[in-house]
Structure formats: structure tokens, C-alpha cells
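Only one structure is covered here, and it is reproduced in the block below.
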Amino acid sequence: MGPHPAVAAIRLAVRRVLNDILAEHGRTPGRLTPDERSSSPLVLVACSGGADSMALASALAFEAPRAGLRAGGVTVDHGLQTGSDLRAAEVASRLRELGLDPVEPVAVTVGRDGGPEAAARDARYAALDAAAERHRAAAVLLGHTRDDQAETVLLGLARGSGIRSLSGMAAVSGADGRYRRPFLQLDRQTARKACLVQSLPVWDDPHNTDPAYTRSRLRHEGLPALEKALGKGVVEALARTAQLSRDDADALDAWAGKAAAGVRDDDGRLECAALHDLPPAVRRRVLRRAAIEAGAPAGSLFARHIEEVDRLITGWRGQGAINLPGRVVARRQGGRLVIRQG
């Protein structure tokens, strides 16, 4: 008798990702001999102790040895709740019991930039990046589900930040494709069911039900209201929207990348007339890229910033300089658009 359908689904999702990683390293699936183990690629799982990441850790522990990969885990202690250090140690112990090695609990200090959710996310990814570097990991698996993807699309829609925000989370992201999200096609309930049938203890973060957090309100109030008004299938539709938006955004980004060289003069300055001739979606991408290259932090550069810079091209009335995040300034000078710090 095979595994429970929920367990089979999460294992299959992880197996596909591991096979991709093997192919990237010129390897084929197969169990390791003791001599081969030390040289095989390492895959880490980021685990909070919640149902999604515990299901992912369990599937990785099962699939990695069969694929010929080493598997380890990282749990991040954000220090935002009393006893969080003890909880991180407990999660690390569970990961070791699953057979993962190495396993590392990492404590971080969460700042305030961008609000509590964004600051915690920034601290978490910085810690995961550092852990991946320390252990020379080939990849880090994240337990984001289709439900998380739907929430991300709605948050992007609310920000009005354009099609890239609607594209949600990528299945592969980060430096050199470090982060992999095997569960983007699976719902949250599948992961929870997999933990239940395997008797895996899970921890439900109280922040996930705290209405002080935007994503929590969206999860417990916004999405249920949408499903009540529009019927079931909203989550699936939003996830499809993410993929379609990502395909469109990737195509436009590629177009903008090619167009960027053709709108600069011999000194590398942006020519306003050439920019004006570009389709708006392409032009705004060229402007965004130029602002980031000048030092504007990508995470703080919103659509409204780019729209103001765009008006220097399309609605020029002699207006002054535009201040952007990162102390970057954009101004029009003699038919040229100058974007630089200072």
C-alpha cells in the first residue's frame, strides 16, 4: 500500500525539484555510496515548524537520499515572541529526528524598515543566504503554497505596483536560483494533512492569526470574503494569474533590457526623445532599471516613483528634480534624463 495521497503529492513535488537540481549539477538520481556522500550537493530546507515547512522537511528527508543528495535544515529565530529561542531549538531537534544533517537554528535581529512583516522577511532571507553560503548549499527549499501565492497576488494588486507584483512568488528565485518553492501548485490543506497522517508535530505561529498583520487579515478575512462573493476557486484563479503575469512580465523585462542600450547617447546618458518613443510598459522598466543602477533600493522603489520620473519624459513642463529612495535624484537636463545619487 502506497503513502497517503497528501504525502505522495508533497513527495512528488519535492522529487521534481530535486531532479532539477541534480540536472543542473550534471548528476542523475540514485542512492549515494558512503564515499560519494561528502561530495554530493546539499539541499537545505527553511523550516519554521509550521505545517507547510514541516511537510516540506519530511518530504526532503525522504526524497533526498533516494535522489543522491544530502539534506539539511535551517530554522530562523526572529526573536519576536517570548520563548522563540526554545521553539527554534525544538524545531531543529525535529529536523534532526527526520534525519537531516546539518541542521542549524539561526537567531536574527529584526529591524523596522518597511514595517514589521517586511523587516522580518528581510532578516529571514539574509539569514538563509548566510546559512546557504556557510554550508555551500546548492539550494534552499521554501514551503510557500498556492494559498500563499494567492495572498501575495492580492497584496500586489492592493499596492498598485504593476504586473510584476501580480506575478507573485517565483518557483525559482534568488542568487543563482538558490530558492526553490516546490509547493506553489499545492494548497495549504494538503501540507497540513500530510503532517497529520505522518504524526508530525506542527507549530501554528500566532502572528498568522494576528489581525495587526496585513497578510493575516487577508488570509482570515479578505480571501474568505472573496470566496463567499465569487464562489470557490478564487485561490486557484489567483495562482493562475500569478503565472500568466510572470510570463508577461518576463517578456517585457527582456524587451526593456534590449531597448535600454538604444536610448542612451555616446556618453551613456538617457535620451528623452528615444525614451518617449518606447511603449509605456517598456519605458517604465528602463527607467526603473536605471534608478536601481543609480543606487535606489529595488524593494523601496514603487510604481508611483517611476510614474513621477516618467512624467519628466511624457509630461515635461519644466518641473524640478524627482527624489527617489536611496538618495537618488532624477532630473531632465537638455533633452537628457540624469538619474544619480546626490
Side-chain angles (χ1 to χ4, degrees), residues 10-11 13-14 17-18 20-22 24-25 37-38 40-65 67 69-81 83-111 117-145 148 169-184 191 194-195 198 200-205 207-208:
I10 65 168
R11 287 179 178 176
V14 169
V17 169
L18 297 186
D20 289 343
I21 295 169
L22 285 167
E24 291 163 11
H25 285 78
R37 177 172 172 76
S38 62
S40 69
L42 170 67
V43 178
L44 297 174
V45 59
C47 185
S48 66
D52 302 340
S53 59
M54 281 302 300
L56 181 58
S58 173
L60 177 63
F62 182 85
E63 293 291 341
L69 292 164
R70 293 181 295 135
V74 179
T75 183
V76 178
D77 171 18
H78 297 85
L80 298 176
Q81 301 170 15
S84 62
D85 55 337
L86 300 177
R87 189 172 299 109
E90 183 180 351
V91 172
S93 177
R94 291 175 186 170
L95 296 180
R96 294 187 186 101
E97 290 172 3
L98 289 172
L100 300 183
D101 180 39
V103 170
E104 183 180 9
V106 181
V108 299
T109 300
V110 176
E117 292 169 281
R121 182 177 60 250
D122 290 345
R124 179 167 60 254
Y125 276 101
L128 293 174
D129 279 334
E133 295 291 342
R134 277 195 304 277
H135 297 289
R136 298 182 179 179
V140 179
L141 304 190
L142 304 175
H144 296 121
T145 65
D148 296 307
M169 296 175 286
V172 180
S173 66
D176 300 321
R178 169 174 290 160
Y179 294 108
R180 312 293 173 107
R181 297 177 174 87
F183 290 176
L184 287 182
C195 290
Q198 294 178 101
L200 293 174
V202 299
W203 172 66
D204 291 317
D205 187 346
H207 282 173
N208 290 337

Nearest 0.5 Å, what's the CZ-CZ distance between R124 and R121?
-> 7.5 Å
Going through the checks in order, is the salt bridge (charged side-chain N to carboxylate O under 4.0 Å, His left out) test met by R178 and D129?
-> CA-CA 9 Å; R178 169 174 290 160; D129 279 334; 2.9 Å; yes
Verify side-chain contact (heavy atoms from CB on, under 4.5 Å) between F183 and V14, making sure each step is shown before the conclusion.
-> CA-CA 8 Å; F183 290 176; V14 169; 4.1 Å; yes
Keeping the roles fixed (side chain from T75, backbone from C47), state whether a donor-acceptor pair exists under 3.5 Å.
-> yes
Look only at the side chain of S53 and the backbone of G143, and say whether a donor-acceptor pair between them is shorter than 3.5 Å.
-> no
Could you please spell out the steps behind the side-chain contact (heavy atoms from CB on, under 4.5 Å) verdict for Y179 and L128?
-> CA-CA 10 Å; Y179 294 108; L128 293 174; 3.4 Å; yes
In short, D52 meets A191 closest at the heavy-atom pair OD1-CB, 3.6 Å
Distance col, row L44:CG vs R70:CZ, nearest 0.5 angstrom, shows 9.0 Å
Atom CG in L69, atom CG in L22: separation rounded to 0.5 Å?
-> 4.0 Å
Give, for atom CD of E97 and atom CG of L200, the distance between the pair rounded to the nearest 0.5 Å.
-> 10.5 Å
side-chain contact (heavy atoms from CB on, under 4.5 Å) assessment of L184 paired with T145 | CA-CA 5 Å; L184 287 182; T145 65; over 6 Å; no
May I ask you to decide if A119's main-chain N or O and D122's side chain share a donor-acceptor pair within less than 3.5 Å?
-> no
Donor-acceptor contact present, side-chain R181 to main-chain L142, <3.5 Å = no
What's the shortest heavy-atom distance between C195 and M54, and which atoms?
-> SG-CB, 4.0 Å
Do V140 and V45 have side-chain heavy atoms sitting under 4.5 Å apart?
-> no
Least distance between heavy atoms, V110 atom then H78 atom | CG2-O, 3.6 Å
What closest approach, in Å, do I10 and A59 show between heavy atoms, and which atom pair accounts for it?
-> O-CB, 4.0 Å
At their closest point, which heavy atom of V103 faces which heavy atom of A92, and how far apart are they?
-> CG1-O, 3.6 Å
Mind running side-chain contact (heavy atoms from CB on, under 4.5 Å) on L18 and L60 for me, showing each step along the way?
-> CA-CA 9 Å; L18 297 186; L60 177 63; 3.9 Å; yes
Closest heavy-atom pair and its distance - D77, A88 | CB-CB, 3.9 Å
Measure the spacing between CZ of R11 and OG of S58 and express it to the nearest 0.5 Å.
-> 6.0 Å
Do side-chain atoms of E90 reach the backbone of L86 as a donor and acceptor pair under 3.5 angstrom?
-> no
